[in-house]
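Below is one structure; the comments refer to it alone.
Because the structure is a prediction, the values reported are computed rather than measured.
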Amino acid sequence: MSLPLGPPVQIAWVTHDLDATETALTGLLGVKKWVRLTDVHFAPDTCSYHGKAADFVASISLSYLGDMQLELIAPVRGPNIYSDFLRSSGPGLHHICVEAASEDDVATTLATATEHGASVVQQGVMPGGVRFAYLSAPQAGVPFLEIAHVSAEIREFFDYIKKEQR
């Protein structure tokens, strides 16, 4: 299977406590600054969870280690894969993310991945224009792989976060 994707651009953890995880990763990795987005609403008109409309809220903290984005996710309310993960595994490393050059590439990737045994467990569009989808193939040892297409507006925001690390 060959998909139109680049290399991993993000490593993400799910946690109950953003402060504690920020502190731990700052000490372990030398991250200088985290940017927190509190109570991000993933609305049912733009997101799905296991194929049904999703309505959930999560707080997110972002930083960079070189060119690798670090993401921390703390679910607040509503059913989602992050809450599922915390219930089944506790806090920890959750997924890596690869970028698609276009929204068409996201769609192509999802279609190809499902033909090869992966399932789309959550997808949507975040406020600001990030199109995302989580693929899962637990039978093959792949809990979650996020595919994302980032809007120009969000790319500028990510560049700001990266510059804050200098």
| query | Taking the six-membered ring for Trp, are Tyr134 and His94 parallel (under 30°), tilted (30 to 60°) or perpendicular (over 60°)? | reply |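 If you compare the ring of Tyr134 with that of His94, the planes turn out perpendicular.
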Heavy-atom distance under 4.5 Å between the side chains of [X] and [Y], does that happen here?
X: Ser63; Y: Val35; answer: no
X: Glu99; Y: Gln10; answer: no
X: Phe132; Y: Gln122; answer: yes
X: Thr109; Y: Leu5; answer: yes
X: Thr114; Y: Ser119; answer: no
X: Val14; Y: Pro75; answer: yes

| What's the verdict on side-chain contact (heavy atoms from CB on, under 4.5 Å) for Tyr49 and Phe42, showing C-alpha distance, side-chain angles and the deciding distance? | CA-CA 10 Å; Tyr49 165 68; Phe42 295 82; over 6 Å; no
How long is the straight-line distance from [atom2] of [Y] back to [atom1] of [X], given to the nearest 0.5 Å?
X: Ser61; Y: Trp34; atom1: OG; atom2: CH2; answer: 5.5 Å
X: Leu37; Y: Leu18; atom1: CG; atom2: CG; answer: 10.0 Å
X: Ile11; Y: Cys97; atom1: CD1; atom2: SG; answer: 11.0 Å
X: Ile81; Y: His50; atom1: CD1; atom2: NE2; answer: 7.5 Å
X: Leu70; Y: Thr21; atom1: CG; atom2: OG1; answer: 12.0 Å
X: His95; Y: Ile147; atom1: NE2; atom2: CD1; answer: 10.0 Å

Using only atom types and a distance under 3.5 Å, with no angle test, would you say the side chain of [X] pairs donor to acceptor with the backbone of [Y]?
X: Ser83; Y: Pro79; result: no
X: Ser48; Y: Ala53; result: no
X: Thr15; Y: Asp17; result: yes
X: Gln165; Y: Lys32; result: yes
X: Ser151; Y: Gly128; result: yes

Are [Y] and [X] connected in a single hydrophobic cluster, I mean Ile/Leu/Val/Met/Phe/Trp/Tyr linked by side-chain heavy atoms less than 4.5 Å apart?
X: Phe158; Y: Leu65; answer: no
X: Tyr160; Y: Val130; answer: yes
X: Val121; Y: Ile73; answer: yes
X: Val40; Y: Leu62; answer: yes
X: Val98; Y: Val120; answer: yes

| task | Carefully, step by step, assess Leu145 and Ile96 under the rule side-chain contact (heavy atoms from CB on, under 4.5 Å). | result | CA-CA 6 Å; Leu145 173 65; Ile96 62 168; 3.7 Å; yes
| request: Assess the side chains of Asp104 and His149: does a donor N or O sit below 3.5 Å from an acceptor N or O? | output: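 The answer is no; no qualifying pair exists.
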| task | Go through Ile60 and Met126 one step at a time and tell me if the side-chain contact (heavy atoms from CB on, under 4.5 Å) criterion holds. | result | CA-CA 12 Å; Ile60 299 167; Met126 283 183 65; 3.9 Å; yes
| request: Walk me through it: do Asn80 and Val57 pass the test side-chain contact (heavy atoms from CB on, under 4.5 Å)? | output: CA-CA 9 Å; Asn80 57 74; Val57 174; over 6 Å; no
| request: Verify the neighbour count for atom CG of Asp67: are there more than 12 heavy atoms of other residues, nucleotides or ligands below 6.0 Å? | output: no
| message | With a 6.0 Å cut-off (strictly less than), is the heavy-atom count around CD of Glu156, excluding the residue itself, greater than 12? | response |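 Open: at most 12 neighbouring heavy atoms sit under 6.0 Å from CD of Glu156.
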How close do [X] and [Y] get, heavy atom to heavy atom, and via which atoms?
X: Gly117; Y: Ala137; result: O-CB, 4.4 Å
X: Ala100; Y: Val106; result: CB-CG2, 3.6 Å
X: Ser59; Y: Asp39; result: OG-N, 3.0 Å
X: Val9; Y: Met68; result: C-SD, 3.3 Å

| message | One pair to check against salt bridge (charged side-chain N to carboxylate O under 4.0 Å, His left out): Arg36 and Asp19. What are the steps and the verdict? | response | CA-CA 10 Å; Arg36 192 169 297 178; Asp19 290 327; 2.7 Å; yes
| Pick one: which of Lys33, Glu164, Lys162, Lys163 meets side chain to side chain contact (heavy atoms under 4.5 Å, CB included) with Tyr64? | Lys162
